[in-house]
Protein chains: 2
Amino acid sequence: MKTTRNTTAKTTILEIIKHSDVALSHTEIQTLSNNICDRVTIYRVLDRLVGEDVIHKIVNLDGTIKYASCHHVHNDAEHTHNHIHFSCEKCHLVTCLENVEPTFKLPPNYQVKEVNFTLSGFCPNCL
Amino acid sequence: MKTTRNTTAKTTILEIIKHSDVALSHTEIQTLSNNICDRVTIYRVLDRLVGEDVIHKIVNLDGTIKYASCHHVHNDAEHTHNHIHFSCEKCHLVTCLENVEPTFKLPPNYQVKEVNFTLSGFCPNCL
DNA sequence: AAATAAAACGCAACTGTGTTGCATTAATAA
DNA sequence: TTATTAATGCAACACAGTTGCGTTTTATTT
Ligand SMILES: [Mn+2]
Ligand SMILES: [Mn+2]
Ligand SMILES: [Zn+2]
Ligand SMILES: [Zn+2]
């Protein structure tokens with residue numbers, strides 16, 4: 001079976017994401033990491049971390065992708081990422097609103113596997 | 001003031017989107033339009049149609065972008081696109097669930113301008 | 001109907017993001 | 001310490017979207 005290894009790149013990148021209070025893009029992570037590794041490695045590390053459910057992926061309204069750490073309880077059985085993300089049009093910061101989980105009622109026979117809820121507008125700092 | 005004109009490209013593209021029951025990507029529109037115009041023109045027409053609130057933009061979980069027509073009442077004052085979009089992992093079709101509008105309660109001082117709610121999984125046809 | 005203004009267009013070149021193949025390096029387990 | 005293979009670096013590629021600019025087309029005015 002395929003095991004996962006703890007490398008310096010992976011450790012560094014995870015630390016960067018964990019210590020950030022906003023979601024970060026691949027490019028932002030690259031800058032913050034002082035080019036500790038090749039950009040391809042960052043892509044691969046991010047994929048691994050997402051696969052391990054340590055971080056989660058956020059798709060912005062413009063299609064850009066950001067990453068944030070998973071702060072919730074690791075109940076495993078019901079590990080979901082159904083909170084809302086807010087993307088500020090002015091400061092461009094993307095924040096996880098972990099406590100805001102939207103409710104909705106789907107028509108029958110839809111099987112949901114992943115969700116992405118993104119809002120954009122002005123954050124409290126830029127209002 | 002800057003007026004908008006009705007060109008053959010714009011008319012054709014809008015017809016394609018209106019007659020489709022699923023959301024379409026730029027590339028899909030290009031194929032369906034039989035290369036009636038340059039691909040750059042399609043980008044520009046799509047931007048214009050979004051600006052005129054005739055179609056709306058959908059961001060998928062993989063960051064790809066699709067477009068669908070606005071079927072709702074044009075009440076103008078409260079023209080919103082806060083319905084859910086479902087992206088099937090098997091048939092890859094993206095559908096507007098216009099009747100499914102999620103409810104959520106934001107912390108104070110957030111000013112929302114745009115929303116994007118996307119689910120992925122299996123649609124009724126592929127279940 | 002002809003002249004005018006500028007919105008829209010085509011083309012070519014460019015940018016940014018993410019991917020792939022393959023040889024090399026380094027983490028883990030024996 | 002050695003063996004195995006996950007992870008990396010590098011170079012090349014794919015692809016979506018953008019930009020500049022000269023030309024065409026639309027819609028308005030005369
Ligand atoms: Mn999470
Ligand atoms: Mn709409
Ligand atoms: Zn802000
Ligand atoms: Zn399907």
Side-chain angles (χ1 to χ4, degrees), chain A residues 1-17 23-68 87 92 94 114 116 118 120, chain B residues 1-17 23-68 87 92 94 114 116 118 120:
Chain A
M1 109 227 186
K2 178 154 169 163
T3 61
T4 178
R5 294 178 184 177
N6 287 322
T7 63
T8 53
K10 185 181 167 187
T11 310
T12 309
I13 292 169
L14 183 54
E15 283 308 298
I16 290 170
I17 296 173
L24 300 171
S25 68
H26 167 272
T27 314
E28 287 162 345
I29 292 168
Q30 187 178 15
T31 307
L32 290 170
S33 69
N34 266 337
N35 286 29
I36 197 184
C37 65
D38 193 77
R39 37 180 237 102
V40 180
T41 301
I42 299 180
Y43 282 115
R44 299 200 260 229
V45 166
L46 289 172
D47 282 349
R48 245 179 295 153
L49 290 172
V50 168
E52 295 169 11
D53 265 329
V54 178
I55 64 175
H56 62 284
K57 207 171 174 174
I58 302 159
V59 186
N60 271 313
L61 277 103
D62 57 359
T64 59
I65 289 174
K66 302 235 175 185
Y67 297 87
S87 171
H92 295 109
V94 176
E114 274 184 88
N116 188 73
T118 311
S120 81
Chain B
M1 108 222 186
K2 178 153 167 166
T3 60
T4 178
R5 294 177 182 176
N6 287 322
T7 63
T8 52
K10 186 180 166 189
T11 310
T12 309
I13 291 169
L14 183 54
E15 283 307 298
I16 289 170
I17 296 173
L24 300 172
S25 68
H26 167 272
T27 315
E28 287 163 345
I29 292 168
Q30 188 178 13
T31 307
L32 290 170
S33 70
N34 265 337
N35 287 29
I36 198 184
C37 64
D38 192 77
R39 35 178 240 104
V40 180
T41 301
I42 299 180
Y43 282 116
R44 299 199 259 230
V45 166
L46 290 172
D47 282 348
R48 244 179 296 151
L49 290 172
V50 168
E52 295 169 10
D53 265 328
V54 178
I55 65 175
H56 61 285
K57 209 171 172 173
I58 302 159
V59 186
N60 272 313
L61 277 102
D62 57 358
T64 58
I65 289 174
K66 303 237 175 184
Y67 297 88
S87 172
H92 295 109
V94 176
E114 275 184 88
N116 189 72
T118 311
S120 80

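Because the structure is a prediction, the values reported are computed rather than measured. Chain A is the first sequence line, chain B the second, and so forth, proteins listed ahead of strands; every chain is numbered from 1.
The stretch residues 28-53 of chain A participates, sequence neighbours left out, in these ring pair (Phe, Tyr, Trp, His ring centres under 6.0 Å) pairs: A:H26-A:Y43.
Put simply, the side chain of B:N116 gets close to the backbone of B:V59: a donor and an acceptor are under 3.5 Å apart. In this structure a side-chain-to-backbone donor-acceptor pair under 3.5 Å is present from A:E28 to A:S25. Not one N or O on the side chain of A:T41 forms a donor-acceptor pair closer than 3.5 Å with the backbone of A:C37. Proximity of a side-chain donor or acceptor of A:N34 to a complementary backbone N or O of A:I36 within less than 3.5 Å is not detected. Here the side chain of B:D62 pairs a donor or acceptor atom with the backbone of B:T64 at under 3.5 angstrom.
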Trace of the side chain to side chain contact (heavy atoms under 4.5 Å, CB included) decision for A:V50 with A:H56 | CA-CA 6 Å; A:V50 168; A:H56 62 284; over 6 Å; no
B:I16 and B:L24: side chain to side chain contact (heavy atoms under 4.5 Å, CB included), yes or no, with the steps?
-> CA-CA 9 Å; B:I16 289 170; B:L24 300 172; 3.7 Å; yes
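Fit an axis to the five pairs at each end of the helix from C:dA1-D:dT30 to C:dA30-D:dT1 and the two axes sit 40° apart, to the nearest 10 degrees.
In this structure, the CD1 atom of B:I42 is 14 Å from the C1' atom of C:dA8, given to the nearest Å. Here C:dT17 presents its P atom at 12 Å from OH of A:Y67, a figure rounded to the nearest Å. We find that OH of B:Y43 is positioned 15 Å from C1' of C:dC11, with the value rounded to whole Å. Taking atom CD1 of residue A:I65 and atom P of nucleotide D:dA16, one finds them 14 Å apart after rounding to whole Å. For the pair B:K10 NZ and D:dT25 C1', the computed distance is 14 Å after rounding to whole Å. Rounding to whole angstrom units, CG of residue A:D38 and P of C:dC22 are separated by 18 Å. Nucleotide C:dC9 holds its P atom 4 Å from the CZ atom of B:R48, rounded to whole Å. Atom P of nucleotide D:dA16 and atom NZ of B:K66 are separated by 12 Å, given to the nearest angstrom.
When the salt bridge (Lys or Arg N to Asp or Glu O under 4.0 Å) test is applied to A:E114, no partner is found at least two apart in sequence or on another chain. Applying the side-chain contact (heavy atoms from CB on, under 4.5 Å) test to B:T4 and every residue at least two apart in sequence or in another chain returns B:K10, B:R48, B:E52.
Scanning residues 26-36 of chain A for heavy-atom distances under 4.0 Å to DNA chain C yields A:H26, A:T27.
For C:dG18, the OP1/OP2 oxygens have no side-chain nitrogen or oxygen of A:R39 closer than 4.0 Å.
At the heavy-atom level, A:V45 lies under 4.0 Å from the strands shown only through sugar-phosphate atoms.
Within the model, atoms OH of B:Y67 and CD1 of B:I58 stand 10.0 Å from one another, a figure rounded to the nearest 0.5 Å. Taking CG of A:L32 as the start and OG1 of A:T12 as the end, the distance is 12.0 Å to the nearest 0.5 Å.
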Measure all distances between protein nitrogen or oxygen atoms and nitrogen or oxygen atoms of nucleotides 24-27 of chain C, and list the pairs falling under 3.5 Å.
from, atom 1, to, atom 2, distance (Å)
C:dA27, N3, A:R5, NH1, 3.1

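Summary of the strand contacts: A:R44 and A:T4 both lie near DNA chain C, and taking for each the nucleotide with the nearest heavy atom, the more 5' one is attributed to A:R44.
In this structure, the nucleotide among C:dC9, D:dA6, D:dC10 sitting nearest to the side chain of A:V40 is D:dC10.
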